[in-house]
Amino acid sequence: MKLSQQVAIVTGATQGIGLACAKRLLAEGASVMLVDIKPEGAAVAAELGAQARFFAADVSQKADVDAMVAATLAAFGRIDILVNNAGVTHAADFLDLTEDDFDRVLRINLKSMFLCGQAAAREMVKHERGCIINMSSVNAELAIPNQVPYVVSKGGINQLTKVMALNLAPFGVRVNGIGPGTILTELAKQAVLSSPEARNTILSRTPLGRCGEPEEVAGIAAFLASADASYMTGQTLYVDGGRLALNYTVPVKD
Ligand SMILES: NC(=O)c1ccc[n+]([C@@H]2O[C@H](COP(=O)([O-])OP(=O)(O)OC[C@H]3O[C@@H](n4cnc5c(N)ncnc54)[C@H](O)[C@@H]3O)[C@@H](O)[C@H]2O)c1
Ligand SMILES: O=S(=O)(O)c1ccc(CO)cc1
């Protein structure tokens, strides 16, 4: 087990990629605080055993984030790993997008990663070690016309990862990102897998010819959190079936 004795916070952990990350970190021996705005997370965490706890928080609100850190310290005594994963999307074309929806997506996807990252890092620097993982997206690089605030937030996350890595390196705290392609979760089903045509468009741009599973992202989170990645900081690793690196259109199988 690569993460014995470690304490992790995973945000957006009630379902999807966050839940897969929480399960994988637990399997690697970590204690995990699952955090989500949905209170159903309490029942989810209760099924995962004694090393899993749940804290209900809106990670875009500083008071909730401070309470999340305090609850984790009270439960487990320290924080070694933060997976900044919570995120939302909002479909609207540029000319129809409202100011409120732009602000809301930026607050939940980007500002939350600053708030949680700063609060957790203030604990990590006391021990001169720690690891923060920011969940980005291929859409940090690839724009989608009707996902304006989403793609803006993900581009911002990649720069946040770099600037946090620079600031925290002197304290032994590593900060990296993960950029998933299309992963089979509720968010992707709403955003880009809503019709057979939309699914085929995604698959035609994915050389491995399929969508990813949340567990395939969680494995990279476990790697980045482990000593195997001890000399990595400031990177965003893309987990996308070859989409960004190969940039090639492929035939779609039925
Ligand atoms: N699924 C994909 O294809 C894909 C691709 C690229 C990046 N991502 C990123 O991965 C992350 C997880 O996505 P997912 O697909 O698992 O989505 P999901 O919708 O299945 O899960 C997101 C979780 O975040 C929680 N959440 C939302 N707002 C919150 C808030 N303010 N405070 C606390 N929790 C909140 C939700 O309740 C939910 O449990 C997101 O950052 C997303 O942008 C997903
Ligand atoms: O399939 S992807 O283009 O990677 C994609 C785009 C947007 C979202 C969320 O809005 C998820 C996946």
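Below, all heavy atoms of this structure are taken into account, side chains as well, without hydrogens, waters or symmetry copies. None of these values were measured; they are calculated from a predicted model.
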Closest heavy-atom pair and its distance - [X], [Y]:
{"X": "I132", "Y": "G117", "answer": "CD1-O, 3.9 Å"}
{"X": "F54", "Y": "V35", "answer": "CE1-C, 4.2 Å"}
{"X": "A121", "Y": "L168", "answer": "CB-CD1, 3.8 Å"}
{"X": "E123", "Y": "K126", "answer": "OE2-NZ, 3.0 Å"}
{"X": "L25", "Y": "A8", "answer": "CD1-CB, 3.7 Å"}
{"X": "A198", "Y": "S194", "answer": "CB-N, 4.4 Å"}

For residues [X] and [Y], determine if any side-chain heavy atom of one lies less than 4.5 Å from a side-chain heavy atom of the other.
{"X": "L193", "Y": "L184", "value": "yes"}
{"X": "M135", "Y": "V217", "value": "yes"}
{"X": "Y150", "Y": "I144", "value": "no"}
{"X": "N158", "Y": "E141", "value": "yes"}
{"X": "L110", "Y": "I157", "value": "yes"}
{"X": "L19", "Y": "P214", "value": "no"}
{"X": "D228", "Y": "K2", "value": "yes"}
{"X": "M1", "Y": "Q6", "value": "no"}

Any side-chain to backbone donor/acceptor pair from [X] onto [Y]? Under 3.5 Å, distance only.
{"X": "D36", "Y": "A13", "result": "yes"}
{"X": "N146", "Y": "A92", "result": "no"}
{"X": "D64", "Y": "D58", "result": "yes"}
{"X": "R174", "Y": "A229", "result": "yes"}
{"X": "N139", "Y": "V151", "result": "no"}

In terms of hydrophobic clusters joined by side-chain contacts under 4.5 Å, are [X] and [Y] together?
{"X": "V138", "Y": "L203", "result": "no"}
{"X": "F76", "Y": "L73", "result": "yes"}
{"X": "Y231", "Y": "L224", "result": "no"}
{"X": "L160", "Y": "V125", "result": "yes"}

So N134 and M164, side-chain contact (heavy atoms from CB on, under 4.5 Å) or not? Walk me through it.
CA-CA 10 Å; N134 293 331; M164 285 171 67; 3.9 Å; yes
State the [atom1]-[atom2] distance between [X] and [Y], to the nearest 0.5 angstrom.
{"X": "I178", "Y": "I183", "atom1": "CD1", "atom2": "CD1", "value": "10.0 Å"}
{"X": "I37", "Y": "S60", "atom1": "CD1", "atom2": "OG", "value": "6.5 Å"}
{"X": "L246", "Y": "L244", "atom1": "CG", "atom2": "CG", "value": "9.5 Å"}
{"X": "C116", "Y": "N84", "atom1": "SG", "atom2": "CG", "value": "5.0 Å"}
{"X": "I17", "Y": "E215", "atom1": "CD1", "atom2": "CD", "value": "10.0 Å"}
{"X": "K154", "Y": "N109", "atom1": "NZ", "atom2": "CG", "value": "5.0 Å"}

Cut-off 3.5 Å, side chains only: do R243 and T182 have a donor facing an acceptor?
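T182 and R243 do have a side-chain donor-acceptor pair below 3.5 Å.
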Test side-chain contact (heavy atoms from CB on, under 4.5 Å) on I79 and M124 and set out the steps.
CA-CA 6 Å; I79 301 167; M124 292 172 178; 4.0 Å; yes
Under the criterion side-chain contact (heavy atoms from CB on, under 4.5 Å), I'd like the reasoning laid out for V88 against R104: C-alpha separation, chi angles, the key distance, then a yes or no.
CA-CA 9 Å; V88 294; R104 183 176 58 83; 4.3 Å; yes
Has D103 got more than 12 heavy atoms of other residues, nucleotides or ligands less than 6.0 Å from its CG?
yes
Criterion side-chain contact (heavy atoms from CB on, under 4.5 Å) on H127 and D80, from CA distance to verdict:
CA-CA 9 Å; H127 308 287; D80 303 296; over 6 Å; no
Identify the residue among I9, L48, T11 that makes a side-chain contact (heavy atoms from CB on, under 4.5 Å) with L34.
L48
